[in-house]
Amino acid sequence: MSIWLRVLYAFISVSVATVYGLMLGGIVRKIYARVHGRYGPPVWQPFLDIIQTHSRRVAVSHGNMFLLGPVFRLAGGLGTYLFIPVIYGSAVFGNFSMAGDLLLVMYFIFFGQLGMALGAGNGGHPYSPLGIARGLAQMSTFEVPFSLAVIAVAIQYGSLNITTIVAAQQGGFMNWTLFTNPLAVIAAMISLLGMNMHSPFSIVLAPQEIPIGPPIEMNSSFLGILQTNRGLFAAAKLVLFMNLFFGGATNLLEMVAKTFMIYMFSVFVGAAYPRFRPEQSFRFFLKWPTIIGVLSIIFISYFGGVL
Amino acid sequence: MVSPIYILIMSLAVGFLLSIIDRAGRKISLTAFYGVLTFNVVLMANWLYRFVFLHVPTLVINTAGFKAPISINLELGLMEAFVLFFANLSGLLAAVYLFKKFKETQVSSLILYLLLIMGANGLVMTQDLFNMFVFLEILSISTFALTVLKKSRETLSAGFKYMIAGGVASTFFLLGVVFVYYFTGSLNLGNLSAGSFTNVGLVSVFLLSIAVFIELKPFPANGWALDVYQSVDSGIVSIIAVVNSAAIGFVFYKIMPLLPSEFLTVFGIAGIVTFLFSNMMGLKQDNAKRLLGYSSIGQMGLLLAALIFTANVQPSVRYLVIGGLFLNHLISKAGLFWLAGIVKQDKIKDWGILRSRKPLLVLFGLFIFALSGLPPFAGFWAKWEFVKVLVDAKMFFVLTSVLVGSLFELIFLFRWFTSVVKNTDETNEQLASPGKSKATPVIVFGLMAVISSFGIMRFFYEFNWIQVLPIFAVLAISLIDSLPSKVKGFLSLAAVAGYGYYIYPLLENNLQMFFGVIFIIGSAINIIATLNRKNQSRGFYGFLLMMIFSFGNLLIASTYLEFFLAWEFMTISSFLLILRGQKAQRASLLYLIFSTAGAYLIMVGFSFAPALSSSGGALINVIELVNLPLVSIIVLAIGFMIKSGSAGVHIWLPEAHAEAESDVSPFISAILLKAGVFGLLMLGISYISFTPSFDVFYWIGWVGVITALIGAFMASFQEDAKKLLAYSSMSQVGYVVAALAMITHLGWVSALYLAFNHMMFKSALFIAIAGVYYRTRTRKMYEMGGLIAKMPLSYITVLMSIIAVSGVPPLSGFGAKWLIYTAFITKGWYLQAGVLFFASGVSFLYLYRLIHTIFLGQLKYEHQDIKEAPVWFIIPQYIFMAGIMAISMFPNLIIKPLNVIAMKYFDSSIQIDGLTVISELGHWNGNLVMYVTMAVFAIPFILLLVLKGKTQKVKQFNIVYAAERPESPQTTHVAHNMYAHFRKALGKWTLPRVQLFWDSVAEWSHTLGGFFRRVYTGNGQTYILHIVVYIVVMYVVMGVK
Amino acid sequence: MISTLILGIALLIIGFYAMLTQKNLIKIVIGFSIADTGTHIIIVSLGYLRGKTAPIIDNAVNAVNAVQEVVDPIPSALVLTAIVIGLAVTAVMLSFIVEMYKKNKSLSIDDYQELKW
Amino acid sequence: MIPGIIIGLGVIMIAAAFAAIYFKSLLASIIAAGVISLLASVIYLILGSPDVAMTEASIGSGLTTVIFLFALHRVRKGKSDD
């Protein structure tokens, strides 16, 4: 495959994912509103927001790193997405998965977070490092059950190659990791709640105490880029979960359906639960999901996954 | 040749004459006095020469023209000549030391002194038991009388206690002599042997030996001796500690053949107990001379034990052990007592005054080092051989006591040393000039310490010059120490280059080569940062070179001893480098204690190891063929893990890294820790071929993993930038240890990759922080902030480095993570991998903290005008950055060679397909990742530049802050206790338990020492009671009928 | 002779007992002197015993001394030396006591324990 | 006969020893100690060592006692200085 074709495919893939991810964001707002008994904004509100922020004439900057923060963030989202094969067997949505395996994706997730943290830090606002400190701490804890789940998956399929993992789950839903290794999936899904920073793990953004957390100083185009990334990055994570635990997708429709369901899971949990304090959420992740993750490894390595 | 009997005759004759010729003037009598002492030394030197080099047979002198049983006969052999030469030399030098006193006191002191020396000579040479008693009494009485050379209340009471104790002991000795005669009809040692005594007759040798033993001050029947050591004039006390002890010790050596082996074992154990307890009690001591007393008593106990337990080994080893211990004790103890007389400060904490006389300080250090048994001094070799003997004989109780006792001794000696070097809370008092007569003996013994150590290295071990090079480096640099520091810096750089050039052909194995790159090239780059030093930095480059050369010598060491020697040199030099830090007293002491404990373990481990095959070559190459026993592996592993800062034994690490000078820290963190890794790898190589039943490395793997996690946690909670980096090093090396513990191909590739990567980014980080510290003069991160605007170059280094640490693609750190997780999962160490993931997550916390609190956030007012770090700090940083970029872009640059290194020991588990590395589990194309990352970074960047329109740069406090203007950068900078919530969540898990554990160990040892020393009530009668009870107990223990 | 041997041992023990229990420095020295006398008696009586009994030695080693019928002269010689030495030690001890008394005006050993631990 | 004398002497000597210990007066103690030495010299004579006996009588009993008395005198003098 020529490199240009590959780049073109990547462009298509990214565009689809971004649009999809932003739509999901809109839908979430709508759902929250309805749960709260409001009418809510239209589902395309995120697009309007992005356009609005980009059209600001003056961008306020706090320094070079501040400027690079959103760039890092979006690059992180893009990179994460681009190293995941989105649709099994599809050349268009295969992305650059030949560059690395699951470990690469997992660590690329940090790329954007670290960059954003740096940019926000340069903003000089005390709320941003406060939010980042919470976010990083929370990340380090929800990564534990997630990584245990990943290890369990790697043991189960004998591979860290996402395409291989998806391939192994083909041929009926009973082959999905969800059913062959449910403990790992439970652990991973709980950590997804933390990853998506929905309630009860939304303290990082903490809309009440520290208005919007890390991005507080971000404005105009900077904010616009962050908003774009929010859609893309959400999509990337969902696709990753779909691939690892829900059999992947062989076409776009299946992908949309599955990722939507995964997303709705965290949305519903988020809508139903009040927020944890930081230390509560850290402790939570290190307790039950971690135990479940360890159990999943024990089961998969000693009993071959049969419960 | 002049017969040694003239020593006795001359001393006696001149002694009697002195009272007469003194009337003609003190000058004449002093001339005669020193003449005799010099005569003794020269005579013995001559005899010693004849015995050593001409192999003259043992000389037997019959008095009164009759042979042995009728007359008294004397014997002078190699051992006698050796002991007497040094005893007489000490006698002469102590007399020189006392010159001023001797000029003023009554002539009787001179006479007594001569009698004392004569008594010692007679004791060593005589073969007749009763004669021995007489000489013993002459020695004792003259010593008693000399103790009151300084007539103070303390001296008198100590002397009185000494006398009654000595009286009791000599009563028993006399009884013993008579009983020996009663049972055997002979008093001549030549006619007696252990077989001469039937069951009933044993009581005679018991009395004889116990009396001598009491004179040698066994614990706890030795309170009297301590009082003497504490109170009596330094010149005389040096004689008591050295000459008397040597002579009486030799008596014990001579009567040893009469004793049944059960007696000897009990005595040996009593000696060891004395060694252990004296040193333990020394921990609580704050009076300098009493401390030396504890040490003396301990040393004599050790010497006795060595005498007894080496009885069956080959003579050359025995000579080395006994001679080494003896010489070491003699030189350093006399030297220290003399220094005590010069310093004239009772309390250890007041000895800081020594700093005003640099040469004396150096000598003080020399003696402390020698006394602690550190190389190259005689005690080191003795200990090394002794440990081997004990291990071979399976005397593990003795072995443990020797090592624990030595450690205690080292602790109190170096607490003293570091407080002398570092203690700052005192006046600028100047130490008065000691005068020639007092300084000369100290200098002579200082030189002797050095010469004797080179003698041992030359004659007993025949070392290659390269093994001794670290010492020569110190000596060489000390010669040119007055040059400006930059010149020395460049010279050192050249020396390291030359050294590298020299050892390059010796690195036959790729693994050696790899560590050569880390040790030598890494060091060389780090030296650049030291070029920023402005002052003369006296002593710095010498020890730096010593350390670097020792690193290299570790690689090419071909025997256990060479390896251990290099290891110890490395420890010493790094200790001295750390000690240079402003507040490094505690840190360096902690470092030395842990390192020495580790070194002892390594020594024991090597003693357990089977002999190497004679094929030669570096240890790391021949160790493959060595079947290390399990205990050896365990002990060695712990020793190496102490150096690599593994959890549980890591507490030295943060302190040492933080308190060392800021351009020393990179060496310690980035390079020194790798020495431990190198050691572990060496073990691993042996382990591959001879896996023992118990999987040691499985547990080492766990320790590594836990280390990684604890290090990351601790790093997150630090306020001190260098401590943060230190804990980060601990964590990172934990990864390395865990990886190499897998003993798989991929494990080793990842371990080496991590080690290399760590060397680069940690050097860069420490140098960057050194630059920040240089400008801001603070290490507390919350006192900084917003430095990105002032120090952008340093910022970029830190940014790149933390990306490399964290493992975020595309930089080299990700390669490490990819390799290690793949290795773990392939190995089947799943839970370990889970813990590592956690550690890796936590590492983001401290990394962000590091960069944010220093470089981001709000700039402090006092830092408005600071500049970028000096160029000497920037250059090495960017060399390392270039390295990191290179292996990030082209991971094959390093993966391929590492793959080859590991393939020497394992089948390869990875394929390299072009630029993609393929493992059993997955794949990684670092090159492509880099390009994709660049692209995905460039696109939003360009997008942003296009979209953002006009940018307005705002001033410092122009932020969205609820309509308030923040008042000061301090209140707006989130830095202090940044992860309070995290700490709260983890609760008691973040308690420094290890620290608490070691604190309580220290407290317990001190409490125990404090408890046991209560036996020394100061009451003379209690001391007699101790002696009597001791004798009774020994009588029962030995089962004498 | 056994009875003198016992006497010597008794004096030795009494002497040590005095050294251990008496607080007065001079009495301690008296105790030492008594013990010393006891030692001397032991030595002489051992020599006396040896003179009357067969030597307990193997002939090969000590053929020279084998023929002895009278009291062994060697212990006597030893005692002579020991007596002189004992005197010297006693004298030094007493001179210490005199000096100590000058400094401290006390003859009790309990007043001389400032050096300890 | 000889054992009888020895036992008699021995009893006296041991009594003197205890006396030396328990006499309140130092002077009396010193004299008692001298008596022990004196009697010891008698025992040496009985045991066939006249040379030892002479030495003991002169040095052990005589000279030693003198030294003791001298020391006592010095100490007494010191005491009166107060």
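Everything numeric here is computed off the predicted structure, so don't read it as measured data. Protein chains get the first letters and strands the later ones, always in sequence-line order, with residue 1 at the start of each.
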Main-chain N/O of B:Gly1020 paired with C:Gln113 side-chain donor or acceptor, under 3.5 Å: no
Can a side-chain donor-acceptor contact be found between C:Glu114 and B:Ser157 if the only test is distance below 3.5 angstrom? yes
Engaged part of B:Tyr1023 at the chain C interface, taking heavy atoms whose separation is under 4.5 Å: side chain
Residue B:Thr147 versus chain C: region with a heavy atom under 4.5 Å: side chain
What part of C:Thr21 gets closer than 4.5 Å to chain B, counting heavy atoms only: side chain, backbone, both or neither? backbone
If you count heavy-atom pairs under 4.5 Å with chain B, which of C:Val89, C:Asp110, C:Leu20 comes out on top? C:Leu20
Name the member of C:Asp111, C:Leu78, C:Thr39 that forms the most heavy-atom pairs with chain B at distances under 4.5 Å. C:Leu78
Check whether B:Gln230 gets within reach of chain C through its side chain, its backbone, both or neither, counting any heavy atom under 4.5 Å. side chain
Counting only non-hydrogen atoms closer than 4.5 Å, does C:Lys23 touch chain B with its backbone (N, CA, C, O), its side chain (CB onward), both, or neither? both
Could you look at B:Phe197 and say if it's the side chain, the backbone, both or neither that has a heavy atom under 4.5 Å from chain C? neither
Looking at B:Val1028, B:Ile1024, B:Thr155, B:Thr1022, which has the largest count of heavy-atom pairs under 4.5 Å with chain C? B:Ile1024
Taking the side chain from B:Lys151 and the backbone from C:Lys103, do they hold a donor-acceptor pair closer than 3.5 Å? no
Would you name the heavy atoms of B:Val134 and C:Ile85 that are closest together and state the gap between them? CA-CD1, 4.3 Å
